[in-house]
Amino acid sequence: MPEILEVEASRLLLERGALHRTVTAVDAPDAWYLKRGLTPGGLADALVGRRFVAARRRGKLLLLDTSRGGPVLGLHFGMTGRVFVDGRAAQDRLLYTSRRADPVWDRLTLHLGRASRMVVSDPRRLGGAELDPDEERLGVDALSLRAGDLARALHGSRAPLKAALLDQARIAGLGNLLVDEALWRAGLDPARRAASVDGDLRRRLLAALRGTLRELGRRGGSHTGDLMEARVRGGRCPRDGAALERRTIGGRTTFSCPAHQR
DNA sequence: ATTGTGGCCTGCCCGC
DNA sequence: TGCGGGCAGGCCACAA
């Protein structure tokens, strides 16, 4: 699933339910889902007989370390991917994908021990699995973002503020909904130049990002923001009632309030 | 190097 | 009820 909060919830699910049991079988019916030359056979060779010893995350990339010096299994979920452990997902509701769980969407199944199964389901096949992903291509994890990190992410960039925040090489984990929510809370125009956000504005943005992550995390996901309900055509700003503006910024559908986001 | 665009996939929802 | 169009929480290759 998409943004950092959902991936973190999935990481916890795997940490509690998928570690320390031997991978006994691998079922990868959709070879297209395997990236960077990985094949179903190669994946089985790499995993069968090993155990997952840690579930890590960097941004939206989920990382499973394996025993006996084996490779790292990297999972990314695109917009519609979810992971299940024994039929249970980290969240029952996922926007923009089906509520159903059709087995034909199971792109990867790992049998753990005698009776457990870990399944990656992804209707749109926009996610994928790989071995030993390049973790360094991702910037600082958004959940541990510090003032200096944000300064570096924005400094000198002529890109729109929103595009800079969505750039996973600068800050890893923020997605479209979280960024729209945080910029709405901070009162910042998503289209303004990233480098123009400095000083007090940058402090305000940092506080909004942290507050958004903390609060929406408690509420249960990226879709629980205060802006979310109004994030439709004809929506009005929940703060001041102004008609929301709908634009494409950074290649993504963007809702913002022309009255209080500057 | 940085930024912008199109495309990848498939399911769902809206309006006719 | 059926159908086409538009849309979608991500990311990558490519162009300018």
Side-chain angles (χ1 to χ4, degrees), chain A residues 1-10 29-37 57-62 74-83 89-107 120-130 133-135 137-139 142 152-184 190-195 212-213 216-217 219-225 227-229 231-235 246-255:
Chain A
M1 61 271 6
E3 306 192 34
I4 192 170
L5 298 174
E6 288 73 27
V7 181
E8 173 61 14
S10 295
D30 183 4
W32 190 88
Y33 208 68
L34 307 178
K35 306 302 181 187
R36 284 182 43 233
R57 184 189 53 71
R58 181 143 171 181
K60 305 171 196 170
L61 178 65
L62 192 51
L75 299 172
H76 64 275
F77 297 102
M79 287 168 60
T80 55
R82 264 191 296 184
V83 65
Q91 57 282 305
D92 49 3
R93 123 155 231 250
L94 186 62
L95 256 48
Y96 310 116
T97 189
S98 175
R99 203 156 303 212
R100 293 150 46 217
D102 193 321
V104 305
W105 300 331
D106 291 355
R107 310 301 177 188
V120 176
S121 169
D122 187 351
R124 276 176 69 187
R125 303 166 83 214
L126 288 169
E130 62 183 316
D134 176 13
E135 303 177 30
R137 74 179 194 275
L138 296 169
R152 273 185 293 280
L154 304 181
H155 178 75
S157 172
R158 297 165 46 77
L161 174 58
K162 175 167 178 173
L165 294 174
L166 286 173
D167 182 350
Q168 302 297 297
R170 300 175 199 258
I171 299 170
L174 300 177
N176 201 33
L177 294 182
L178 286 174
V179 168
D180 269 13
E181 174 79 14
L183 293 178
W184 176 79
R192 70 149 61 219
R193 298 256 188 223
T212 295
L213 289 167
L216 274 53
R219 292 181 191 171
S222 308
H223 59 283
T224 61
L227 180 65
M228 191 62 200
E229 196 173 329
R231 225 177 152 283
V232 293
R233 286 178 192 276
R246 181 188 190 275
R247 292 173 286 180
T248 297
I249 300 172
R252 318 298 305 283
T253 299
T254 301
F255 287 88

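Residue numbering restarts at 1 for every chain, and letters A, B, ... go by the order of the sequence lines. The basis for the numbers below is simple: all heavy atoms, side chains too, and nothing from hydrogens, waters or symmetry mates.
The side chain of A:T253 has C:dA8 as its nearest neighbour among C:dA8, C:dC12, C:dG6. The side chain of A:Q168 has C:dC11 as its nearest neighbour among C:dC11, C:dC12, B:dT10. Closest contact between the side chain of A:R233 and the listed nucleotides C:dC12, C:dC7, B:dC9 involves C:dC7. When distances are taken from the side chain of A:W32 to each of C:dC11, C:dC7, B:dC9, the shortest belongs to B:dC9. Closest approach to the A:H76 side chain among B:dT10, C:dC11, C:dG6 is made by C:dC11 (side chain taken as heavy atoms from C-beta onward).
The side chain of A:R124 places no N or O atom within less than 4.0 Å of a non-bridging phosphate oxygen (OP1 or OP2) of B:dC12.
Side chains of A:L5 and A:S222 form a contact here, defined as non-hydrogen atoms less than 4.5 Å apart.
Every residue meeting the side chain to side chain contact (heavy atoms under 4.5 Å, CB included) condition with A:R152, not counting sequence neighbours, appears here in chain and number order: A:D149.
Look at CZ on A:F255: it is 11 Å from C1' on C:dC7, rounded to the nearest Å. Look at CZ on A:R107: it is 17 Å from P on B:dC8, rounded to the nearest Å. Note: CZ (A:R231) to C1' (C:dA8) measures 10 Å, nearest angstrom. Taking atom NE2 of residue A:H155 and atom P of nucleotide B:dA1, one finds them 17 Å apart after rounding to whole Å. Atom P of nucleotide C:dC11 and atom CE of A:M79 are separated by 10 Å, given to the nearest angstrom. We find that CZ of A:R58 is positioned 14 Å from P of C:dC11, with the value rounded to whole Å. To the nearest angstrom, P of B:dC8 lies 17 Å from CG of A:D122. If you take CG of A:D30 and P of B:dC8, they are 16 Å apart, rounded to a whole angstrom.
Between C:dC12 and B:dG11, the distance separating the two C1' atoms is 22 Å to the nearest Å. Using P as the reference atom, C:dG6 and B:dG6 are 15 Å apart when rounded to the nearest Å.
In this structure, A:R246 reaches the sugar-phosphate backbone alone: every heavy-atom distance under 4.0 Å involves primed, P, OP1 or OP2 atoms, never a base.
Judged by distance alone with a 3.5 Å cut-off, no donor-acceptor contact links the side chain of A:R125 to the base of B:dC9.
When each of A:T212, A:I249, A:L174 is tested with A:V179 by the rule side chain to side chain contact (heavy atoms under 4.5 Å, CB included), just one qualifies, namely A:L174.
A donor-acceptor pair is defined here as one N or O able to donate and one able to accept, closer than 3.5 Å; such a pair exists between the side chain of A:R219 and the backbone of A:T224. No side-chain donor-acceptor contact under 3.5 Å links A:S121 to the backbone of A:R82.
Contact check on A:D30 versus A:R125 returns a salt bridge, with a Lys/Arg side-chain nitrogen under 4.0 Å from an Asp/Glu carboxylate oxygen. The existence of a salt bridge linking A:K60 and A:E3 is excluded, since no basic side-chain nitrogen approaches an acidic carboxylate oxygen closer than 4.0 Å. The residues A:E135 and A:R58 are annotated as not salt-bridged, no charged nitrogen and carboxylate oxygen being separated by less than 4.0 angstrom.
Crowding of A:E229 atom CD: a count of heavy atoms from other residues, nucleotides or ligands under 6.0 Å not exceeding 12. The environment of CZ in A:R158 is sparse: at most 12 heavy-atom neighbours from other residues, nucleotides or ligands sit within 6.0 Å.
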Could you list, one pair per line, each protein nitrogen or oxygen that sits under 3.5 Å from a nitrogen or oxygen of nucleotides 2-6 of chain B, together with the distance?
{"unit_1": "B:dT3", "atom_1": "OP1", "unit_2": "A:S157", "atom_2": "OG", "d": "3.0"}
{"unit_1": "B:dT3", "atom_1": "OP1", "unit_2": "A:R158", "atom_2": "N", "d": "2.8"}
{"unit_1": "B:dT3", "atom_1": "OP1", "unit_2": "A:A159", "atom_2": "N", "d": "3.1"}
{"unit_1": "B:dT3", "atom_1": "OP2", "unit_2": "A:R170", "atom_2": "NH2", "d": "2.4"}

> How does DNA chain B look in dot-bracket notation if pairs are Watson-Crick or G-U with both distances under 3.5 Å, crossing ones as [ ], other-strand ones as |?
Replying inline: .|||||||.|||||||
